[in-house]
There are 2 protein chains.
Amino acid sequence: MVKFQDAQLDRTFSALADPTRRALLARLEREDGLSVSELAKPFPVSLPAIMKHLDVLSDAGLLTRTKAGRTVSCHLIAEPMEEAMGWLARYQRFWTERLDALEALLEARRKGEG
Amino acid sequence: MVKFQDAQLDRTFSALADPTRRALLARLEREDGLSVSELAKPFPVSLPAIMKHLDVLSDAGLLTRTKAGRTVSCHLIAEPMEEAMGWLARYQRFWTERLDALEALLEARRKGEG
DNA sequence: CTGAAACTTAACCATCGAGTTAAGTTTAAG
DNA sequence: CTTAAACTTAACTCGATGGTTAAGTTTCAG
């Protein structure tokens with residue numbers, strides 16, 4: 001009964017369930033390409049702990065790392081969140097009618113772009 | 001640096017990270033007020049296992065249970081997902097260029113297939 | 001009153017998650 | 001060449017998670 005494709009959703013939601021990881025992503029959203037140690041600096045945990053969080057984010061497909069010399073730059077990949085957002089969108093009708101507004105907007109833009 | 005209010009977001013994303021729990025919520029989205037045993041029926045796990053999932057969902061504020069006689073009805077509470085959706089919305093700009101894809105996704109969700 | 005249905009609780013187990021410290025590797029600087 | 005910076009890996013702890021079976025409680029049906 002459990003669908004195989006849900007594995008990506010599992011990893012995405014699981015990755016987002018930790019406040020440190022959400023903070024890391026939020027940081028990269030504002031300033032992409034930060035190094036591991038720059039990312040780690042604000043947090044009261046050890047560097048290996050941050051490494052593990054980055055590993056989780058990488059495994060969820062939310063992050064890539066590129067090495068240049070001895071420093072490693074981290075880059076956000078937001079796409080997996082789209083699926084998570086799509087899953088949540090189903091429930092939007094329970095708290096707002098904004099779904100219709102969003103769809104109308106998207107429809108209008110789609111037609112506009114031809 | 002870690003905000004206290006994030007605890008709710010932790011619980012919400014954590015609750016959504018399990019495919020069984022997502023399936024339980026999806027079931028209630030289509031048919032609210034199902035009993036515990038009705039909810040449990042489709043799953044290949046024991047009733048106590050489902051009970052634990054329901055506990056997690058309750059703790060995350062995504063579910064309430066009302067007892068009538070010896071049967072317990074489960075009711076979806078979607079509101080906590082609004083905060084999760086709000087968190088994700090920040091990243092929307094990274095994929096909203098692909099309007100057709102998002103639109104299709106929303107449309108599919110709205111029509112209510114798996 | 002008896003028994004079964006519908007949970008619920010308890011006790012247990014294996015694995016995972018998030019953290020630690022310590023040691024290793026690679027690269028740049030002095 | 002030596003050392004330090006910037007990771008990385010390893011080994012460990014400990015509590016949480018997701019599952020089990022077994023036993024208990026409450027309510028309804030016969």
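Side-chain atoms are counted along with the backbone in the values below, which use heavy atoms only and exclude waters and symmetry mates. Letters A, B, ... are given to chains in the order of the sequence lines, protein chains preceding strands, and every chain is numbered from 1.
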Student: Which whole-number value in Å describes the distance from A:Leu54 CG to C:dG19 C1'?
Tutor: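 After rounding, the gap between these two atoms is 15 Å.
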Student: Spell out protein contact along nucleotides 18-30 of chain D as letters: B when the base is contacted, S when just the sugar-phosphate is, - when no protein heavy atom is under 4.0 Å; keep the 5' to 3' order.
Tutor: BBBBB----BS--
Student: Under 4.0 Å from OP1 or OP2 of D:dC7: is there any side-chain N or O of A:Ser37 that close?
Tutor: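 Indeed, a polar side-chain atom of A:Ser37 lies that close.
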Student: To the nearest Å, give me how far apart CE (A:Met51) and C1' (C:dG17) are.
Tutor: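 Spelled out: CE on A:Met51 to C1' on C:dG17 is 17 Å.
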Student: Could you tell me the separation between the CD1 atom of A:Ile50 and the C1' atom of D:dT8, rounded to a whole number of Å?
Tutor: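 That distance rounds to 15 Å.
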Student: Looking at residues at least two apart in the chain, or sitting in another chain, which of them share a side-chain contact (heavy atoms from CB on, under 4.5 Å) with A:Arg70?
Tutor: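 None.
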Student: Let me know the distance between NZ of B:Lys41 and C1' of C:dA6, rounded to the nearest Å.
Tutor: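 For the pair B:Lys41 NZ and C:dA6 C1', the rounded distance is 11 Å.
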Student: Nearest 0.5 Å, what's the NE2-OG distance between B:His75 and B:Ser58?
Tutor: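 Here the interatomic distance stands at 11.0 Å.
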Student: Kindly indicate whether the side chain of A:Glu83, heavy atoms from C-beta on, has any atom under 4.5 Å from the side chain of A:Leu9.
Tutor: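 A:Glu83 reaches A:Leu9 side chain to side chain.
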Student: Give the rounded distance in Å between these two atoms: CZ of B:Arg11 and P of D:dA16.
Tutor: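 Atom CZ in B:Arg11 sits about 14 Å away from atom P in D:dA16.
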Student: Verify salt bridge (Lys or Arg N to Asp or Glu O under 4.0 Å) between B:Asp55 and B:Arg65, making sure each step is shown before the conclusion.
Tutor: CA-CA 10 Å; B:Asp55 289 344; B:Arg65 281 170 281 191; 2.9 Å; yes
Student: Between B:Leu39 (CG) and C:dA6 (P), how many Å, whole number?
Tutor: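 Interatomic distance, CG of B:Leu39 to P of C:dA6: 14 Å.
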Student: Specify the separation, in whole Å, of atom CZ of B:Phe13 and atom C1' of D:dT17.
Tutor: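 Spelled out: CZ on B:Phe13 to C1' on D:dT17 is 19 Å.
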Student: A:Asp55 CG to C:dG19 C1': how many Å, rounded?
Tutor: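 In whole Å, C:dG19 C1' lies 14 Å from A:Asp55 CG.
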Student: Determine yes or no for a side-chain-to-main-chain donor-acceptor pair under 3.5 angstrom, with A:Arg21 supplying the side chain and A:Ser14 the backbone.
Tutor: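 At least one qualifying donor-acceptor pair exists.
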Student: Keeping A:Tyr91 on the side-chain end and B:Ala26 on the backbone end, is there a donor-acceptor pair under 3.5 Å?
Tutor: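 Yes, the answer is positive, given that a donor and an acceptor are paired below the 3.5 Å cut-off.
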